[in-house]
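Let me begin by presenting the structure, written as structure tokens, before commenting on it.
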Amino acid sequence: MYKQTCTNLLDLSRVEVNDWLNSFDSVISDCDGVLWVYGKPIAGSVNTMNQLKKLGKSIYFCTNNSTKTRGELLAKGVDLGFHITEDSIISTAHATAAYLQRRHFSKRVYVIGSEGITQELDAVGIDHTSTGPDVMQGNLGEFMSKHLKLEPNIGAVVVGFDEHFSFPKMTKAASYLSDPKCLFIATNTDERFPMPSLVVPGSGSFVAAIKTCAEREPIVIGKPNPAICEFLIKQKRIIPERTLMIGDRANTDVLLGYNCGFQTLLVGTGIHQLSDVQQWQDSTNPEDKKLIPDVYLPKLGDLLPFIMDAMVVENN
Ligand SMILES: [Mg+2]
């Protein structure tokens, strides 16, 4: 329905929105910029998701944020009032550990990231380096001759969000990756975080730095790579064409929807706005066309009155 037309749901009649609500059974929502911003819920989001669940939709939270485990994301969601279970959380930290586990990975992982990743690796029994500061000591010559020590048995470099990103970490990661057998995995490639009046680098910025000096392309686990939610399709927990992907960032969320054959809803409470969509609509680049969502809402909470309507219809 409304395939890649960026139809504003607020321009439709109640009957039309009701038909649209009936066109999907599962909802996969991005978190930052859709449900909450910087830890605070976005007005109406909690109620909207809970009411969608009440309406019989299966609900999934899908985040590229690699700093938290599924358990931590669950605790955060429940704390904010969302009616969710750990089963409904799809995270890159978990998906990264699951990816290595599926490959029967038995070496050690060099981690540029946070404990969200290392705890998920621990959960599947995969050995890894520790996270935290690895600061430059002395000048370059001193660092190279005295302080730079590479560990044996590193079989993968995983790069996620790391607030202690540093020159030594870059040097080590690229050196491990000079062995072509060493896996190069990026949890996600989001360039920055949605925050008012500040630019906060996201994992994608660190990944770009590593891939530039390693001269290699990473395997990207997070959105828009279908790897992050393939298990849901394989286990028949969702039917792609009857699944709605909600997001605030087109090059991850909407593109994931495009790549998986989901319906897509862009909300204007995060990264991308209608003005961005207009540019992609005007563009002649076919890649840009993939970023155009089916439908749009200024914020997720705008859906609430329509859901309440649908419930009245269902109950009569
Ligand atoms: Mg987002």
Side-chain angles (χ1 to χ4, degrees), residues 6 27-46 48-49 52 59-70 72-74 76-77 80 82 84 88-96 113-114 116 160-161 163 186-207 220-229 243-260 262-277 280 290-303:
C6 195
V27 176
I28 303 178
S29 181
D30 171 51
C31 300
D32 276 298
V34 177
L35 306 178
W36 57 71
V37 169
Y38 210 55
K40 293 210 170 62
I42 296 171
S45 290
V46 176
T48 303
M49 290 306 280
L52 279 168
I59 303 293
Y60 298 94
F61 285 14
C62 181
T63 176
N64 270 0
N65 180 342
S66 64
T67 63
K68 289 188 166 59
T69 62
R70 286 202 302 174
E72 287 167 333
L73 285 161
L74 174 68
K76 179 174 179 176
L80 294 178
F82 292 99
I84 47 164
S88 45
I89 302 211
I90 309 166
S91 87
T92 47
H94 172 256
T96 299
S114 66
F161 179 79
E163 65 224 9
T187 59
N188 60 298
T189 52
D190 299 51
E191 298 87 354
R192 45 162 81 179
F193 283 103
M195 270 188 77
S197 70
L198 267 180
V199 174
V200 179
S203 307
S205 301
F206 309 125
V207 172
V220 181
I221 298 290
K223 300 172 284 187
N225 189 331
I228 194 167
C229 59
T243 300
L244 176 71
M245 177 73 211
I246 308 174
D248 67 299
R249 185 195 291 264
N251 60 345
T252 52
D253 306 323
V254 175
L255 191 54
L256 174 78
Y258 176 91
N259 289 337
C260 292
F262 301 154
Q263 301 187 46
T264 53
L265 161 63
L266 178 74
V267 293
T269 44
I271 299 286
H272 287 126
Q273 305 298 328
L274 279 180
S275 53
D276 298 302
V277 178
W280 304 321
K290 296 178 181 174
L291 305 178
I292 303 168
D294 301 347
V295 293
Y296 169 85
L297 275 176
K299 62 177 192 298
L300 185 59
D302 293 331
L303 202 54

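Sequence positions, counted from 1, serve as the residue numbers for this chain. Quick caveat: nothing in here was measured; it's all calculated off a predicted structure. Counting convention: from 1, in listed order, for ligands and their atoms alike.
Classification of Arg249 and Asp30 as a salt-bridged pair fails, no side-chain N sitting under 4.0 Å from a carboxylate O.
Distances from the Mg ion (ligand 1) to each N, O or S atom of Asp30 single out OD2 as the nearest. When distances from the Mg ion (ligand 1) to the N, O or S atoms of Asp32 are compared, O comes out shortest. When the Mg ion (ligand 1) is compared with the N/O/S atoms of Asp248, atom OD1 turns out nearest.
Not one N or O on the side chain of Asn64 forms a donor-acceptor pair closer than 3.5 Å with the backbone of Gly222. Within the 3.5 Å criterion, the main-chain N or O of Phe61 finds no donor-acceptor partner in the side chain of Ser29.
The two atoms that bring Ile221 and Ala95 nearest to each other are CG2-CB, 3.5 Å, heavy atoms only.
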